[in-house]
Amino acid sequence: MKKITIPVVYSEDHYLHDPKFEIYDGMKEPYAEKPERLTSIMSSLKKEGVAVVIPSKFPVSHIENLHQKAYIQFIKNRSEKLEEQAVLYPSYFLMDTYTPITSGTYQAALSSVNTVLTGAQLLIQGERAVYSLCRPPGHHAEHKAMGGYCYFNNAAIAAEYLSKIGKVAILDIDFHHGNGTQQLFFERDDVLYVSLHADPVVRFPYSSGFVEEIGSGTGKGYTRNYPLSLGTNDETYLSVLRAALADVKKFNPDFLVVSLGFDTYEKDPIGGFALSLPFYITIGEEIAALALPILFVQEGGYFVPDLGKMAVNFLHGVQSRLS
Ligand code: Q9C
Ligand code: ZN
């Protein structure tokens, strides 16, 4: 097998965000989006000998390009005023009961943004593929609402940054629909959003990700949703992935941003598809075959013991198709 030469952008600042519980239908549950997710991925990647890049600091204006200033300020202020162990479920700017603010949330979310912007910058400098291993994740975060474990929309912010240079396609293969990313580009024709996800009738975010949502105004036709049934297996997923990749190809972008979730795995505790571990090699191969500069942005994936194996399989698939 080829050695993985894809740079991995990673910062330990994500440890600063560590809520102890989420609230599901009124009941406290352990927090699924925990720091150990990335510890698992990093330890496997280090065994593969990958090069780790520490993110540089970018101005907050990159976040302000897509998120309301008052929203960003709110997260910063509330975060900075909290005691170390406190878990705040604010009454404002919040779409669910899975996305609390803790004392380290703002710093971690800011670092997550820097992780993807650093990745985007490496692509501009000529790198073929970069893996931005960030948390908290981002694709559920809307213009002025946090939700689904997300605060700032990392993938969207990277896409916005790259869109100053060329056309950008976003392929979202997290188990859940990226309602935030869809919202942020719904009316634009310079950024395509294509997503494969669980049928919103039965899974979060429930209120978006339906086939009828295709964009509006000049953005009409530049959003594509592929909702899939629970239990979707490798074979079905592959055929739908190929259709989504055909949409990307037709758009003819200069850059591809992939919202990469590993919650499509058969053992994922909050997912519900049946994708196997070796299939992540195939997903990587299929995406890399587009031969575009690609930024992989970490989103979900909650079965901690196998996350490292999924990331390694996926990157081996990608690597095998890079010329
Ligand atoms: N206690 C991402 O994958 N539902 N977010 C959890 C189980 C929230 C997922 C219910 C799902 C949000 C980035
Ligand atoms: Zn997800």
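Worth knowing before you read on, the calculation uses all heavy atoms, side chains too, and leaves out hydrogens, waters and symmetry mates. Indexing begins at 1, ligand by ligand and atom by atom, following the structure's order.
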Check ligand 1 for N or O atoms under 3.5 Å from a protein N or O and list each pair with its distance.
| unit_1 | atom_1 | unit_2 | atom_2 | d |
| --- | --- | --- | --- | --- |
| ligand 1 | 1 (N) | Glu22 | OE2 | 2.9 |
| ligand 1 | 1 (N) | Glu29 | OE1 | 2.9 |
| ligand 1 | 3 (O) | His176 | ND1 | 3.2 |
| ligand 1 | 3 (O) | Asp263 | OD2 | 3.1 |
| ligand 1 | 3 (O) | Tyr302 | OH | 2.6 |
| ligand 1 | 5 (N) | His140 | NE2 | 3.3 |
| ligand 1 | 5 (N) | Gly148 | O | 3.0 |
| ligand 1 | 5 (N) | Tyr302 | OH | 3.4 |

**Prompt:** For the residue pair Tyr151 and His17, is the inter-centroid distance of their aromatic rings smaller than 6.0 Å?
**Reply:** yes

**Request:** Indicate yes or no: does Asp306 engage Lys267 in a salt bridge with an N to O separation below 4.0 Å.
**Result:** yes

**Prompt:** Tell me, which N, O or S atom in Asp174 is closest to the Zn ion (ligand 2)?
**Reply:** OD1

**Complete:** Answer key: the N, O or S atom of Asp263 nearest to the Zn ion (ligand 2) is OD2

**Message:** Can you give me the closest heavy-atom contact between His177 and His140, atom names plus distance?
**Reply:** O-CE1, 3.0 Å

**Message:** Are Phe175 and Phe262, when compared by the centres of their aromatic rings, separated by less than 6.0 Å?
**Reply:** no

**Asked** So, Arg224 and Asp247, do they make that salt bridge, N to O below 4.0 Å?
**Response** yes

**Message:** Working note: Thr282 + Asp234, criterion side chain to side chain donor-acceptor pair (under 3.5 Å); need CA distance, chi angles, decisive distance, verdict.
**Reply:** CA-CA 9 Å; Thr282 308; Asp234 296 350; over 6 Å; no

**Request:** Look at Glu160 together with Arg188 and state whether they make a salt bridge at an N to O cut-off of under 4.0 Å.
**Result:** yes

**Prompt:** Do you see an N/O/S atom of His176, backbone or side chain, under 2.8 Å from the Zn ion (ligand 2)?
**Reply:** yes

